[in-house]
Amino acid sequence: ATALPPLLWALGLAPLALLAPAIALRELPAGGADRTALVLWGFIAFEFCCGLYAPAVSAVKSAFVPEGLRSSVYNAYRVPMNAAVLAVLLADLPPDTTLLGCIALLVISLGAGATLLAAPAAAAGPTSAVDGAAVDSRSASGYTAVAAQDPQEVVESAREEVSI
């Protein structure tokens with residue numbers, strides 16, 4: 001997938017960008033100009049990484065997650081994400097500790113993104129049956145074949161696949 005290098009850049013730079021605010025909050029005195037500058041520029045750099053991440057991860061998700069399952073898969077990933085946010089908010093940790101935890105999670109996500117780079121193209125996503133033929137759901141022809149069908153037929157076919 002050609003979108004993985006930008007994804008790896010975003011996931012690799014993001015922990016480095018957050019490291020400056022984490023160190024500044026822990027080591028520099030409150031209210032100092034150096035601390036404020038490091039925190040500000042660290043978060044600006046992190047927002048730049050977020051700007052890289054959003055389109056890159058969208059391209060990767062479209063390549064690896066079948067179109068018919070996207071909403072279900074995305075919702076399944078939102079549950080643990082919201083649980084992590086809730087845990088951080090309820091733990092009432094100091095900001096520097098919270099940032100260090102975010103850095104750790106970003107490093108883990110960098111490792112997960114690197115495994116996608118090593119994944120062979122054939123194993124990148126499941127196939128689905130469309131009109132009795134196995135069609136790679138990541139390919140443009142798979143999307144076209146599904147889009148050309150009657151939406152009601154697609155829903156019926158998906159229900160049959162799930163019940164098998």
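This chain uses plain numbering: 1 for the first residue, then up along the sequence.
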| query | What do the steps show when you test L18 against F43 for side chain to side chain contact (heavy atoms under 4.5 Å, CB included), and what is the final call? | reply | CA-CA 7 Å; L18 284 183; F43 279 115; 3.8 Å; yes
| field | E67 vs S62, side chain to side chain contact (heavy atoms under 4.5 Å, CB included): CA-CA, chis, key distance, verdict | value | CA-CA 7 Å; E67 188 173 356; S62 69; over 6 Å; no
Report yes if some heavy atom in the side chain of [X] is under 4.5 Å from a heavy atom in the side chain of [Y]; otherwise report no.
{"X": "Y77", "Y": "N82", "value": "no"}
{"X": "L25", "Y": "P95", "value": "yes"}
{"X": "R26", "Y": "T97", "value": "yes"}

| field | Spacing of SG belonging to C102 relative to CG belonging to L19, to within rounding of 0.5 Å | value |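 Taking SG in C102 and CG in L19, the distance rounds to 12.5 Å.
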| field | Interatomic spacing from CZ in R35 to CD1 in I23 - rounded to 0.5 Å | value |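 Spacing of CZ (R35) from CD1 (I23) equals 13.0 Å.
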| request: Taking all non-hydrogen atoms of both residues into account, name the closest pair between A17 and P21 and its distance. | output: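 It is O-CD, 3.0 Å.
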| message | My understanding is that only one of V107, L100, L99 makes a side-chain contact (heavy atoms from CB on, under 4.5 Å) with P15; could you say which? | response |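 Exactly one candidate clears the test, V107.
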| Connected via hydrophobic side-chain network under 4.5 Å: I103 and L110 |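 Different clusters.
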| said: Do L52 and L8 sit in one hydrophobic cluster, given that two such residues count as connected whenever their side-chain heavy atoms are within less than 4.5 Å of each other, even indirectly? | reply: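 Different clusters: L52 never reaches L8 through Ile, Leu, Val, Met, Phe, Trp or Tyr contacts under 4.5 Å.
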| Would a distance-only check, ignoring hydrogens and angles, find a side-chain to backbone donor-acceptor pair under 3.5 Å from S58 to A54? |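 A pair under 3.5 Å: yes.
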| task | Determine yes or no for a side-chain-to-main-chain donor-acceptor pair under 3.5 angstrom, with R78 supplying the side chain and V73 the backbone. | result |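 No; zero donor-acceptor contacts below 3.5 Å.
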| said: If you apply the rule side chain to side chain contact (heavy atoms under 4.5 Å, CB included), what do you find for L13 with Y53, and how did you get there? | reply: CA-CA 10 Å; L13 292 175; Y53 173 82; over 6 Å; no
| query | Given L38 and L28, is the side chain to side chain contact (heavy atoms under 4.5 Å, CB included) satisfied, shown in steps? | reply | CA-CA 10 Å; L38 277 173; L28 296 177; 3.7 Å; yes
| query | If you draw a 6.0 Å radius around OH in Y74, do more than 12 non-hydrogen atoms from other residues or ligands fall strictly inside? | reply |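 Enclosed.
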